[in-house]
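Here's the structure, in structure tokens; my notes come after.
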2 protein chains.
Amino acid sequence: MYKQLIPNLSVDSIVFGFDSVQLKVLLIKQDIIHKGITYHDYKLPGDIIRKDEDIDTASKRILKELTGLQNIFMKQLSAFGSLDRLTRRPRDLSWLISINHPDERVITIPYFSLINLTQDHLALTSKACWTNVDNVSALSMIFDHKEIFEFALESLRNELRTKPIAFELLPPKFSLSQLQKVYEILFEINLDKRNFRKKILSLNYIVPLKEKETGVKHRPALLYMFSQDIYQKLKTQNFDFTI
Amino acid sequence: MYKQLIPNLSVDSIVFGFDSVQLKVLLIKQDIIHKGITYHDYKLPGDIIRKDEDIDTASKRILKELTGLQNIFMKQLSAFGSLDRLTRRPRDLSWLISINHPDERVITIPYFSLINLTQDHLALTSKACWTNVDNVSALSMIFDHKEIFEFALESLRNELRTKPIAFELLPPKFSLSQLQKVYEILFEINLDKRNFRKKILSLNYIVPLKEKETGVKHRPALLYMFSQDIYQKLKTQNFDFTI
DNA sequence: CCAAAAGTGTTAGGAGTACACCCATGA
DNA sequence: TCATGGGTGTACTCCTAACACTTTTGG
């Protein structure tokens, strides 16, 4: 079984989904039986890496197997490799034995992904569920997966603060109010609508379309798109440090 | 020989050193004989990870073995794991065979480190050399090590722009002019002395000492230190996004 | 006293912030 | 016609950027 795998190396995905109201994360339910007691634990979707796939490919494969999603935003985070990460809790060890996991330590490489949840292409397996990120702290997770989740959430916020990726949480065509909501919800702040629009429009790489929202019972918003093209051209190092 | 190692996993170090004039990087000379011709190649210091050490420990061990340095700034970058990374050049393959490297692919985890080069604690091995980062592009490096180096340099600049780490390239007590030079040299810009000092002093976590430079033939500068303590206390999320 | 780098204030322009009302649509 | 969120402008404040001379030290 493990002949074509690298037994010491896995990838884990932290898939963040945004539904205009909450930030959610994709978790897998994992019941663990230990000393006769059943524990309802959660884990991140992940898998051991195959010998014949590179690590980005492995991460894409797992995400596709789980959600059917392809070609979505994905960023590698730094690896988690402490010696005892699989065996800190006795019940995790029981579970590893029950699935015949080889007695090897595993270093994992986490990837975070961003998707919009109001789109309809989510064919989840029965054990996968979307969980509000605010509720994760109350769950019990195997191994160091809660630590990895928290690191990923912090990394997501860092990226959001400095890179144009907020729209990866939105449909390809989005309104400025939707975009504002991403920042408001992820940073738990309120932003002034007029100032926000001024700032975004001054960037020039978020471009208005000739299209409006449909099916809303109020004045429909103009839709915008992110232009990678214009962004790359404008990224002329306006040096600025904020340490 | 490989019994206690994880054959598919290595760490590589990108050690940046600053001498007040240039940014340098620590490279290892590696001659490779291929089809009767000797090539003078370079590589990054690195090693396969042992089964009984976690990845941060591995990186620290290698750095200590090479430079005698301990307790210096170190940050993990994201892994490099394409399938063909060791075998893109025929001569790299020849070299792997000559050192009896097992026929396994290797995923590497890079770490970058920062040190000050005017200090004297550098007991380098004979094959290690400090190279001006501007000269690296002209060198030939094994595997994907040039790519890793460039990624590390870009990451260093990103970190410098957003985190208080510039003084990791300086002695513990430094003058504001030295600090300014770090930014000027790493970003290839000129900064206004008065504005720079105003900005740095307004941060409050770079604190003046009661000590001055010695042994200079001009007016001696007041020395400063970075206070991790004050920094942590002040880091009260002043939200600000610059995408 | 000369050379070299340290240290210091002010002003003008631009960016960020605070703030309130009319508009377009569906029900 | 009502409810809902979309869309807009201005004034004030604060931060940033530009700019030149005096001070301290060693030789």
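Remember, predicted model here, so these are calculated numbers, not experimental data. Quick note on labels: first sequence line is chain A, next is B, and so on, each numbered from 1.
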Inset, instruction - Compute both the distance and the angle, then confirm whether B/Lys199 meets the cation-pi test with A/Phe241: under 6.0 Å from the six-membered ring centre, within 45 degrees of the axis. - result: yes
Legend entry - Spacing of B/Glu213 atom CD relative to C/dA6 atom C1', expressed in whole Å: 9 Å
Legend entry - Between C/dT8 (C1') and B/Ile200 (CD1): distance, integer Å: 17 Å
Inset, instruction - Could you check how far CG of B/Leu222 sits from P of C/dA5, rounded to whole Å? - result: 18 Å
Inset, instruction - Anything under 30° is parallel, anything over 60° is perpendicular, the rest tilted; go ahead and classify B/Tyr205 against B/Phe226. - result: perpendicular
Legend entry - Whole angstrom value for the distance that separates C1' of D/dG5 from CD of A/Gln180: 12 Å
Legend entry - Value in whole Å for how far the P atom of D/dG5 lies from CG of A/Asn190: 15 Å
Legend entry - Separation of D/dC15 C1' from A/Phe241 CZ (nearest whole Å): 14 Å
Legend entry - Summary of protein contacts for nucleotides 17-27 of chain D, nucleotide by nucleotide, where a base hit scores B, a sugar-phosphate-only hit scores S (4.0 Å, heavy atoms): BBBB--BBBS-
Inset, instruction - Using a 4.0 Å heavy-atom cut-off across all strands, classify B/Ser177 as base, sugar-phosphate, or nothing. - result: sugar-phosphate
Inset, instruction - Scan B/Ile142, B/Thr108, B/Leu27, B/Asp144 and name whichever one has a side chain to side chain contact (heavy atoms under 4.5 Å, CB included) with B/Leu44. - result: B/Leu27
Inset, instruction - Measure from CG on A/Leu179 to P on D/dG6 and round the result to the nearest Å. - result: 13 Å
Inset, instruction - Rounded to the nearest angstrom, tell me the gap between atom CG in B/Leu223 and atom P in C/dA5. - result: 17 Å
Inset, instruction - Would you mind classifying the nucleic acid contact of B/Leu176 as base, sugar-phosphate or nothing, using non-hydrogen atoms under 4.0 angstrom? - result: nothing
Inset, instruction - Give a yes or no on whether A/Lys173 atom NZ has more than 12 heavy-atom contacts from other residues, nucleotides or ligands under 6.0 Å away. - result: no
Legend entry - Contact check, side chains of A/Asp12 and A/Lys43, non-hydrogen atoms, under 4.5 Å: no
Inset, instruction - Return the minimal non-hydrogen interatomic distance between B/Gly81 and A/Asp54, and the atom names on each side. - result: O-CB, 3.2 Å
